[in-house]
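The model shown is predicted, which means the values in this text are computed figures rather than measured ones.
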Amino acid sequence: MNMAGRILIVDSVPTNRITTKVRLTSACYDVTAVGSGAEALRQARLTQPQIVLIGTALHDMTPPALCAALRDLPGGTDLPILVHALEVGARIAALKAGASALIDALGDELTLLARIRGLMRADELEPSGMAEAQAGFMHDDRPRAVFVADQPATALGWRHALQTRLDFSILIRDPEGALADAARGRVPDLYLIAADIQQSGDGLRLLSELRSRPLSRDAGFIIVLRPERSEMTSVALDLGAGDVLPTEFGNAATATEAAFRLETQLSRKREADRRKQETRRNVAFAMTDPLTGLYNRRYAMPRLAALFDASRNNGEAVAVIVMDLDRFKQVNDVHGHAAGDAVLTTIATRLAETLPPEALLARIGGEEFLAVLPGLVARDARAIAEELRECVMETPVPLPAGCSADTLSVTISAGIALADDHMADADILIAHADRALLTAKSSGRNRIVMASSAIAA
């Protein structure tokens, strides 16, 4: 059986542990249940759970103390922790200690499973877009929130209850205004939305709509439910709400808890943003050459293979130009590696600016570049290669201070090959271009040679 995720249950009451473990195991989770905080910390180190569920009954430490201890473990900063807490003071203490979310009743299986699914989703890394800064908050560096309620007075009440407990910039919007702002990229960090606005469930529909839009889908979302609508909690969580709050913010304790829960969602949202940025950076590093910013060989070769296969299927031409800087070793030997780097980055920029937008340009070796030109016949490919040769040689490259010269004249040699029906794969196409490049080098450099198959075509 494929398990959906690893969950660690911590509760000193055996019946609570057994009942909860049975429920979660039946939902295909890989569950470990322990009866003490000390054992929970040991198991967390051993099994590296994806979620920890802490019950109300612990004999050796309080749930907030266990939250704090789990956060101090290696990797504990990102660990989703779900705490079962009933009394307001305990709930606030758990949130202060690092609880990711609260659950009111372990017996509410639908809500429990929805909470777990939501935390599992939030823990996944996807290179999607993030919520954008928006003009409505342009001059305020505080976290940003938009409140959408059944009527403006309700949202004003939320803001009155929370604004002294949160250092947030808060705007009040109706559903149409929230959607219009999102369409223009004016997206807050958090949305606080009533489940029922003008009609039953239209707040949930607003949540679903905002979550479906690229600019707003990665904001944090909190739904406010009336007590008689508590059965909609699991629905709201499954639609993408990070938390669900009751409507009552009237007294200090409930308002304080609500403020902490907004802060918790903000922290999770910002951590998710950080991880997505890191993922995108890692993807970019894997695809690009760090010196020139061009694509690297690891990216370019599979992409060329895909273009080659497409050309075989649709009958369109594809040309490659393999270029090499002439006598580049002398640049490093005479002027130093700083000069060599300046030459490479400058020439890379010139090549990129000269090639047509649909071309693929990559640095595939020390001083070797590859241009892939889909849809071009031999004559056009040759003309572009000549433009590239001229753009490199026409202006000397400025060298950094401290080099033995201020500028350096640079030339390139290039080999061109076109795909044809006799080539089995893209490697043969590159091999033809490489041979043409060697011919250009041996014929005096600063010249272009077309592979014989391209000339024959």
Side-chain angles (χ1 to χ4, degrees), residues 127-129 214 280 283-289 292-325 344 347-394 411-441 443 445-457:
S128 58
R280 283 196 289 271
V283 170
F285 290 155
M287 293 169 52
T288 57
D289 168 49
T292 63
L294 301 180
Y295 288 120
N296 59 20
R297 187 183 190 92
R298 181 184 301 172
Y299 174 83
M301 292 311 183
R303 181 62 183 147
L304 170 60
L307 291 171
F308 179 89
D309 292 341
S311 75
R312 298 291 294 271
N313 293 330
N314 59 30
E316 291 185 359
V318 60
V320 298
I321 306 173
V322 177
M323 296 163 280
D324 192 88
L325 296 179
L344 287 169
I347 298 308
T349 300
R350 292 180 187 177
L351 295 176
E353 291 174 346
T354 304
L355 282 167
E358 66 273 13
L360 167 70
L361 178 63
R363 181 187 177 199
I364 58 173
E367 65 269 25
E368 193 171 6
F369 298 87
L370 168 69
V372 182
L373 306 167
L376 294 187
V377 297
R379 183 184 302 104
D380 296 332
R382 176 67 185 245
I384 289 175
E386 286 289 356
E387 289 182 26
L388 295 173
R389 186 184 68 83
E390 291 172 3
C391 85
V392 169
M393 67 177 291
E394 66 184 358
T411 62
I412 61 169
S413 299
I416 307 173
L418 270 73
D420 62 39
D421 294 337
H422 303 293
M423 294 179 181
D425 55 38
D427 290 340
I428 295 176
L429 178 61
I430 285 287
H432 283 209
D434 279 335
R435 285 197 294 271
L437 171 62
L438 290 175
T439 301
K441 287 281 193 181
S443 301
R445 300 182 176 87
N446 190 24
R447 64 190 61 208
I448 295 162
V449 173
M450 296 199 71
S452 58
S453 60
I455 297 172

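For the residue pair A286 and R298, the shortest heavy atom distance occurs at O-CD, 3.7 Å. Taking all atoms of both residues into account, the shortest heavy-atom contact from A381 to A319 is CB-CB, 3.8 Å. The minimum heavy-atom distance linking P302 with R297 is given by the pair CD-O, 4.2 Å. Closest heavy-atom contact between I430 and M301: CD1-CE, 4.5 Å. Here the shortest heavy-atom pairing between P374 and V372 reads CD-O, 3.4 Å. Shortest non-hydrogen contact noted between A300 and A362 is CB-CB, 3.5 Å.
Panel note: side chain D425, backbone I428; a donor-acceptor pair is recorded below 3.5 Å. Distance alone, capped at 3.5 Å, places no donor-acceptor pair between the R312 side chain and the A419 backbone. Within the 3.5 Å criterion, the main-chain N or O of L294 finds no donor-acceptor partner in the side chain of T288.
For R350 and E353, the salt-bridge test fails: no basic side-chain N is under 4.0 Å from an acidic carboxylate O.
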Step by step, work out the side chain to side chain contact (heavy atoms under 4.5 Å, CB included) result for V449 and L438. CA-CA 9 Å; V449 173; L438 290 175; over 6 Å; no
When you look at T354 and V392, which way does the side chain to side chain contact (heavy atoms under 4.5 Å, CB included) test go after all the steps? CA-CA 10 Å; T354 304; V392 169; over 6 Å; no
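M323 contributes atom CE, which lies 13.0 Å from atom CZ of R389 (distance to the nearest 0.5 angstrom). Note that the CD1 atom of I412 and the CD atom of E368 stand 11.5 Å from one another [nearest 0.5 Å]. Note that CD1 of I321 is 10.0 Å distant from CZ of R382, once rounded to the nearest 0.5 Å. Between the CG atom of D380 and the CG atom of L418 there is a distance of 9.5 Å, given to the nearest 0.5 Å. Of the inter-residue distances, the one linking L388 atom CG with F369 atom CZ reads 11.0 Å to the nearest 0.5 angstrom. Here the CG atom belonging to N296 is positioned 11.0 Å from the CD1 atom belonging to I364, to the nearest 0.5 angstrom.
Looking at L429 and L304, their side chains come closer than 4.5 Å, going by heavy atoms from C-beta outward. Residues R303 and Y295 fail the side-chain proximity criterion, which asks for heavy atoms closer than 4.5 Å.
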